[in-house]
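In what follows, a single structure is set out as structure tokens and then discussed.
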2 protein chains.
Amino acid sequence: MGDTDTITVQATETSMQIVEELYDRDGAGVTELADAMDVSKSAVHNHLSTLRTLGYVKNTNGTYELTHRFLRIGFGTRERNPVYQAAQSEIRKLARNTNAVANLVVPENADAVYLHRIGARDHPISIGGSVKLHAAAAGKAILAFRSADAVDEYVGRHGLDPKTDRTVTDRATLRSELRSIRDRNIAFDRGELDPDWQCAASPVVVDGDPVGAVSVSGPSDEMQGKRLEEDTAGLVSSAAKTIELELL
Amino acid sequence: MGDTDTITVQATETSMQIVEELYDRDGAGVTELADAMDVSKSAVHNHLSTLRTLGYVKNTNGTYELTHRFLRIGFGTRERNPVYQAAQSEIRKLARNTNAVANLVVPENADAVYLHRIGARDHPISIGGSVKLHAAAAGKAILAFRSADAVDEYVGRHGLDPKTDRTVTDRATLRSELRSIRDRNIAFDRGELDPDWQCAASPVVVDGDPVGAVSVSGPSDEMQGKRLEEDTAGLVSSAAKTIELELL
DNA sequence: GACTGTGTTCTCCTATACTAAACAAGTGTT
DNA sequence: AACACTTGTTTAGTATAGGAGAACACAGTC
């Protein structure tokens with residue numbers, strides 16, 4: 001019943017590592033990859049040509065790059081997500097009404113994944129990106145509606161790593177904050193993820209299960225005080241409620 | 001110099017096949033996958049647990065599903081694409097002005113990949129999806145600005161598979177059509193991809209290289225005659241020109 | 001024309017990814 | 001409840017095939 005962290009298929013690990021490396025570097029050559037990872041050139045070559053014949057990688061004039069195959073898979077899985085389907089139009093309205101950045105987030109293991117965003121300019125995280133649940137308003141909103149045991153397990157397993165000096169790192173603080181989030185159906189993030197961003201979020205709870213969260217964020221100097229705590233918070237929580245109804 | 005179709009890393013092939021299978025089935029169990037592919041249950045299990053620890057697959061109450069990790073990669077690579085960057089706002093305008101579906105397509109090997117779309121309802125292909133170059137207006141627009149040798153090689157390698165009974169399947173017809181596309185900077189698709197859709201497309205050519213194409217499509221009964229051949233065609237080709245300038 | 005830098009190919013060997021069968025854990029049926 | 005009949009997981013054990021490493025080809029540079 002312990003964690004068997006043994007990765008069985010090592011070749012898969014290598015291949016996916018190559019994919020991630022190609023992503024991070026926005027294309028790379030064989031030797032560059034072989035040096036970066038600790039694998040021989042020939043191994044990298046084998047994986048690359050395999051991935052190429054499978055259509056995930058292409059070789060544009062010398063450097064290997066990822067193809068848009070990932071876009072198809074990524075978009076497709078998002079499109080099928082019922083929460084995304086239900087939230088789409090509501091997020092759009094929210095962005096228009098708040099004149100700020102509106103997000104939809106869903107939980108995935110220990111992370112809050114940004115499935116949708118409208119109105120973004122220089123938001124710290126892009127669509128498809130993720131943050132640890134405790135480090136953002138939307139994540140906390142989700143965490144608040146999980147069982148106490150589940151929260152304990154989360155903290156035990158992943159800790160409370162700080163993203164800024166305002167991130168919640170104390171277990172007791174988190175607990176009491178989650179309680180108040182549960183009471184008011186609203187979570188706030190005042191520079192806990194990015195010092196210059198503030199955010200209000202409300203969970204989407206279906207059948208007792210927090211399946212996502214809606215959030216609106218903006219630069220700290222604009223999004224604060226009454227505008228954050230009353231105007232934005234109200235719109236966010238009513239948007240979440242609308243989505244919940246849609247999902248029944 | 002022949003085609004070495006030998007896939008070297010078989011484990012990678014298996015893993016990616018599992019990913020595709022999971023995508024097609026929208027989640028599946030071990031035995032279901034093992035039956036569908038021709039692999040033993042335990043092998044599938046190994047690959048799945050590997051992909052899970054790597055974060056590409058999750059196990060929601062019994063069935064394995066893809067995570068949104070692919071969204072991050074897919075979105076990221078799209079975001080970095082200079083053509084996409086340059087075209088984004090132009091596509092939006094185009095959708096608004098034509099009141100139809102506006103697309104951005106880029107070539108990837110033998111396919112035209114849909115990188116962007118606005119105004120779609122039931123379009124035959126979704127974002128991230130792809131069509132063989134000869135089977136859609138946008139693809140033909142791209143093909144038209146490749147060298148004659150490249151076109152010959154394309155036909156030789158991939159043939160001219162029909163998608164509908166109007167798809168170009170004859171080499172000579174294709175050749176002459178490409179010539180007229182090159183002259184007018186506009187390609188049409190009258191039910192060649194989907195019998196109920198018509199489409200006008202214009203290539204984005206940078207430095208003699210067709211790096212993408214803009215297209216507008218609509219249902220055959222709406223998008224036809226003068227509206228297709230003059231109004232839409234004009235807007236499409238000027239949008240493509242604007243994008244070209246942006247890319248210089 | 002020697003010299004770095006690529007990517008590709010080759011061969012040998014061992015790590016390793018499969019198969020098969022047994023095991024566990026749920027589900028639902030009588 | 002005990003029953004078969006699912007499912008997923010685990011475990012040996014063997015054949016396979018993936019990886020190391022050097023040699024090769026090819027390009028560009030001085």
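Letters A, B, ... mirror the listed sequences (proteins, then strands); counts begin at 1.
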Exercise for the section: Take B:Val214 and B:Glu90 through the side-chain contact (heavy atoms from CB on, under 4.5 Å) test and state the conclusion after the steps. Expected result: CA-CA 9 Å; B:Val214 173; B:Glu90 212 51 41; over 6 Å; no
Measure the distance from [atom1] on [X] to [atom2] on [N] and round it to the nearest whole Å.
X       : N      : atom1 : atom2 : answer
A:Gln10 : C:dT14 : CD    : P     : 17 Å
A:His45 : C:dT11 : NE2   : C1'   : 15 Å
B:Asn61 : D:dG8  : CG    : P     : 12 Å
B:Asn59 : C:dG26 : CG    : P     : 13 Å
A:His47 : D:dA20 : NE2   : P     : 9 Å
B:Asn46 : C:dA17 : CG    : P     : 9 Å
B:Glu13 : D:dA17 : CD    : P     : 11 Å

Practice task
Determine, using ring centers only, whether A:Phe75 and B:Phe70 are less than 6.0 Å apart.
Solution key: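 They do not qualify: ring centres at least 6.0 Å apart.
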Practice task
Step by step, work out the side-chain contact (heavy atoms from CB on, under 4.5 Å) result for A:Arg69 and B:Glu20.
Solution key: CA-CA 10 Å; A:Arg69 193 72 162 272; B:Glu20 296 271 354; 3.1 Å; yes
Practice task
Determine, for B:Tyr64 and B:Arg25, whether the Lys NZ or Arg CZ falls below 6.0 Å from the six-membered ring centre while staying within 45 degrees of the axis.
Solution key: no
Handout entry: Cationic tip of A:Arg80 above B:Tyr23 ring, under 6.0 Å, 45° of axis
Key =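 Positive - A:Arg80 is close enough to the ring of B:Tyr23 and near enough to its axis.
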Practice task
Mark yes or no for whether A:Glu108, through its side chain, and B:His68, through its backbone, hold a donor-acceptor pair below 3.5 Å.
Solution key: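 Yes; at least one donor-acceptor contact below 3.5 Å.
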Exercise for the section: Step by step, work out the side chain to side chain donor-acceptor pair (under 3.5 Å) result for A:Asn103 and A:Ser215. Expected result: CA-CA 5 Å; A:Asn103 306 291; A:Ser215 75; 3.1 Å; yes
Extract from the structure each pairing of a protein N or O with an N or O of nucleotides 21-24 of chain D at less than 3.5 Å, listing the distance.
from	atom 1	to	atom 2	distance (Å)
D:dG21	O6	A:Ser42	OG	3.0

Handout entry: A:His158 vs A:His134, side-chain contact (heavy atoms from CB on, under 4.5 Å): CA-CA, chis, key distance, verdict
Key = CA-CA 10 Å; A:His158 305 99; A:His134 72 277; over 6 Å; no
Practice task
Using heavy atoms and a sub-4.0 Å distance, could you list which residues of residues 14-38 of chain A are near DNA chain C? By number, please.
Solution key: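 The stretch gives A:Gly29, A:Val30, A:Thr31 as the residues lying under 4.0 Å from the strand, ordered by number.
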Exercise for the section: Look at the side-chain N and O atoms of B:Tyr64 and state whether any lies under 4.0 Å from the OP1 or OP2 oxygen of D:dT9. Expected result: yes
Exercise for the section: Tell me which of A:Arg52 and A:Ala11 sits closer to the 5' end of DNA chain C, going by the nucleotide each one is nearest to. Expected result: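 The residue mapped nearer the 5' terminus is A:Arg52.
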Handout entry: B:Thr77 OG1 to B:Tyr84 OH distance, which is reported to the nearest 0.5 Å
Key = 11.0 Å
